[in-house]
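Below, all heavy atoms of this structure are taken into account, side chains as well, without hydrogens, waters or symmetry copies. Note that the coordinates shown come from a computational prediction; the quantities given were computed from them, not determined experimentally.
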Amino acid sequence: MPRYYFDLHEADQFVRDDVGVVLPDIEAARDQATRALTEIARDTLPGTLRREIAIEVTDETRAPLLRAGLSFELRKLA
């Protein structure tokens with residue numbers, strides 16, 4: 001089974017995944033990225049007004065395969 005890496009991009013921060021996860025296919029990697037992004041958002045969004053977070057999935061050669069992103073903005077309307 002292939003190994004996938006999940007690099008985190010947030011504002012000026014970049015966290016490279018040097019361990020990776022062995023998964024059966026790209027669909028499983030997509031689901032893993034989605035779950036990770038959801039967990040990160042749950043922990044970091046409360047109390048913020050604007051935030052952009054992305055997870056880039058790469059393969060064993062570090063070639064980019066997909067990017068899951070979340071853009072959050074809170075605006076007062078009145």
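The nearest pair of heavy atoms linking P2 to P24 is CD-O, 3.9 Å. Here the closest heavy-atom approach between residue L23 and residue M1 is recorded as O-CB, 3.6 Å. Between A41 and P46 the shortest heavy-atom distance is O-CD, 4.0 Å.
For the pair L65 and T58, the minimum side-chain heavy-atom distance is 4.5 Å or more. Residues F6 and V21 form a side-chain contact, since some pair of their non-hydrogen atoms from C-beta on lies under 4.5 Å apart. With a 4.5 Å cut-off on side-chain heavy atoms, V57 and R67 do not count as touching. Side-chain contact check for Y4 versus D17: every heavy-atom pair is 4.5 Å or farther apart. For the pair L45 and L70, the minimum side-chain heavy-atom distance is below 4.5 Å. A 4.5 Å side-chain heavy-atom check between F14 and L8 finds every atom pair outside the cut-off. Contact annotation: the side chain of L49 never approaches that of E73 to less than 4.5 Å [non-hydrogen atoms, C-beta and beyond]. Contact of the E10 side chain with the R51 side chain is registered, since non-hydrogen atoms from C-beta on lie closer than 4.5 Å.
Note that the CZ atom of F72 and the CD atom of E52 stand 12.0 Å from one another [nearest 0.5 Å]. Atom CD1 of I55 is separated from atom CZ of R35 by 11.0 Å, given to the nearest 0.5 angstrom. Annotation: the span from T61 atom OG1 to R3 atom CZ amounts to 14.0 Å, rounded to 0.5 Å. The distance from the CG atom of D7 to the NE2 atom of H9 is 5.5 Å, given to the nearest 0.5 Å.
Ion pairing of E60 with R62 is absent here, as no side-chain N (NZ or NE/NH1/NH2) approaches a carboxylate O to less than 4.0 Å.
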